[in-house]
Amino acid sequence: YLLTGVVEADPLTVKIAGNPEALSRMEKITISEELNMTGAEASLETTVDLETKLKSGIIFADEDFDGEAQVIVYVEEEQEKNLTLRRENLQILNVPEGFTAEVVIEQDMPALQVKGLAADISTLRESTLKGIIDVAAWMEQHQSESLNPGIHSIPVTFELSEGQDASNEVSVEVLFSEIMEAENE
């Protein structure tokens with residue numbers, strides 16, 4: 001379950017009164033520390049006593065206001081979406097000089113599992129999912145200064161938007177071939 005980022009409060013604003021010095025120290029009333037959402041599986045509706053949040057020398061300006069606010073913090077179940085990679089959407093970067101590289105398909109292309117709120121992951125499409133295979137970063141991670149020809153499994157990175165989290169690592173097989181220079185006779 002995830003917080004949607006939507007919070008409703010009634011009232012949303014309150015009028016306060018007090019001496020000028022006290023008022024200058026108070027711009028807003030923060031209630032987030034009272035709302036523990038850990039493990040929440042449903043939206044939280046609660047009443048918060050705002051009077052305990054007022055600084056010394058400040059009171060509510062509206063005599064009819066009882067000092068309580070009704071707050072709703074919205075929670076939704078986390079959704080998951082599986083997106084199969086497309087070979088044409090993979091870009092291989094930083095191939096060492098003297099080598100060519102191509103993605104090898106020996107079986108089905110792997111799938112990326114993305115989790116998030118339904119609204120955040122609904123825009124993801126297999127046709128537009130771009131993956132980057134950074135050979136130099138992979139070599140650095142493996143502390144390798146040279147590359148051997150052949151097939152290597154290399155992780156793919158994805159540019160996901162905020163609220164879109166990959167829940168698995170995806171690797172593809174990449175065939176590296178040495179470029180041979182032909183001799184002229």
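Residues take their numbers from the sequence shown, with the count starting at 1.
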**Asked** Is there a path of hydrophobic side-chain contacts, each under 4.5 Å between heavy atoms of I, L, V, M, F, W or Y residues, that connects Val135 with Ile132?
**Response** no
**Item:** Atom of Ser43, atom of Tyr74 and distance for their closest heavy-atom approach
**Value:** OG-CA, 3.3 Å
**Complete:** Closest non-hydrogen atoms of Thr4 and Glu76, given as atom of the first, atom of the second and distance, are CG2-CG, 3.5 Å
**Prompt:** Would you say Phe65 and Ile58 are hydrophobically clustered, going by side-chain heavy atoms of ILVMFWY under 4.5 Å?
**Reply:** yes
**Asked** Going through the checks in order, is the side chain to side chain contact (heavy atoms under 4.5 Å, CB included) test met by Ile154 and Val172?
**Response** CA-CA 6 Å; Ile154 301 182; Val172 294; 5.5 Å; no
**Message:** A side-chain contact here means heavy atoms from C-beta on lying under 4.5 Å apart; do Val14 and Leu50 qualify?
**Reply:** yes
**Request:** Nearest 0.5 Å please: distance from the CD atom of Glu63 over to the CD1 atom of Ile59.
**Result:** 8.5 Å
**Prompt:** Has the side chain of Ser144 got a donor or acceptor atom that lies under 3.5 Å from a matching backbone atom of Met139?
**Reply:** no
**Asked** Looking only at heavy atoms, which two atoms of Ser171 and Pro110 are closest? And how far apart?
**Response** O-CG, 3.6 Å
**Prompt:** Do Val174 and Ile92 have side-chain heavy atoms sitting under 4.5 Å apart?
**Reply:** yes
**Message:** If you define the side chain from C-beta out and look only at heavy atoms, does anything of Leu93 sit under 4.5 Å from Ile133?
**Reply:** no
**Message:** Rounded at 0.5 Å granularity, tell me how far OG in Ser146 sits from CZ in Phe99.
**Reply:** 7.5 Å
**Item:** Backbone N/O of Arg25 and side chain of Lys55: donor-acceptor pair under 3.5 Å
**Value:** yes
**Message:** Could you measure the distance from the CD atom of Glu21 to the OG atom of Ser56? Nearest 0.5 Å is fine.
**Reply:** 10.0 Å
**Message:** Are there over 12 heavy-atom neighbours, none belonging to Glu51, within less than 6.0 Å of that residue's CD?
**Reply:** no
**Asked** Are Arg86 and Met109 close enough, and set up right, to give a side chain to side chain contact (heavy atoms under 4.5 Å, CB included), and what steps lead you there?
**Response** CA-CA 7 Å; Arg86 293 188 176 181; Met109 286 292 283; over 6 Å; no
**Item:** CD (Glu80) with more than 12 external heavy atoms under 6.0 Å
**Value:** yes
**Request:** Side-chain contact test, heavy atoms from C-beta onward, threshold under 4.5 Å: evaluate it for Val95 versus Thr100 and give yes or no.
**Result:** no
**Asked** Any salt bridge between Glu88 and Lys130, counting N to O under 4.0 Å?
**Response** no
**Request:** Before giving the answer on side chain to side chain contact (heavy atoms under 4.5 Å, CB included), spell out for Val75 and Leu2 the whole-Å C-alpha distance, their side-chain angles and the decisive distance to 0.1 Å.
**Result:** CA-CA 6 Å; Val75 173; Leu2 300 170; over 6 Å; no
**Main-chain N/O of Asp120 paired to Gln164 side chain as donor or acceptor, under 3.5 Å** = yes
**Complete:** Smallest heavy-atom separation, Trp138 atom then Pro155 atom, equals CD1-CD, 3.7 Å
**Asked** Rounded to the nearest 0.5 Å, how far apart are OG1 of Thr13 and NZ of Lys28?
**Response** 14.5 Å
**Item:** Joint hydrophobic cluster, Val48 plus Met37, side-chain heavy atoms closer than 4.5 Å
**Value:** yes
**Request:** Count the heavy atoms of every other residue, nucleotide or ligand shown that sit under 6.0 Å from CD of Glu140, and state whether that count exceeds 12.
**Result:** no
**Request:** Please work out whether the ring planes of His152 and Phe176 are parallel, tilted or perpendicular, with thresholds of 30° and 60°.
**Result:** tilted
**Asked** Is there a side chain to side chain contact (heavy atoms under 4.5 Å, CB included) between Asn168 and Val170 once you walk through the steps?
**Response** CA-CA 6 Å; Asn168 67 323; Val170 174; 3.8 Å; yes
**Prompt:** Do the side chains of Leu90 and Val156 get nearer than 4.5 Å, heavy atoms only?
**Reply:** yes
**Validation row: Gln79, Ser122 side chains within 4.5 angstrom (heavy atoms)** = no
**Message:** Please check this pair: side chain of Lys81 against backbone of Leu124, looking for a donor-acceptor N/O pair closer than 3.5 Å.
**Reply:** yes
**Message:** Do Leu117 and Leu160 sit in one hydrophobic cluster, given that two such residues count as connected whenever their side-chain heavy atoms are within less than 4.5 Å of each other, even indirectly?
**Reply:** no
**Asked** Taking C-beta and beyond as the side chain, do Phe158 and Leu112 meet within less than 4.5 Å on heavy atoms?
**Response** yes
**Request:** Identify whether Leu44 and Tyr1 are in the same connected component of the hydrophobic contact network (ILVMFWY, side-chain heavy atoms under 4.5 Å).
**Result:** yes
**Message:** Go through it in stages, so that I can follow the logic: the residues are Gln70 and Thr47, the test is side chain to side chain donor-acceptor pair (under 3.5 Å), and I'd like the CA-CA distance, side-chain angles, deciding distance and then a yes or no.
**Reply:** CA-CA 5 Å; Gln70 305 303 313; Thr47 301; 2.8 Å; yes
**Request:** Taking Asn89 for its side chain and Ser127 for its backbone only, find out whether a donor-acceptor pair lies under 3.5 Å.
**Result:** yes
**Prompt:** Just how far is it from atom CD1 of Ile121 to atom CD of Gln113, taken to the nearest 0.5 Å?
**Reply:** 11.0 Å
**Prompt:** Got Asp134 and Thr157 here, is their nearest side-chain heavy-atom distance under 4.5 Å?
**Reply:** no
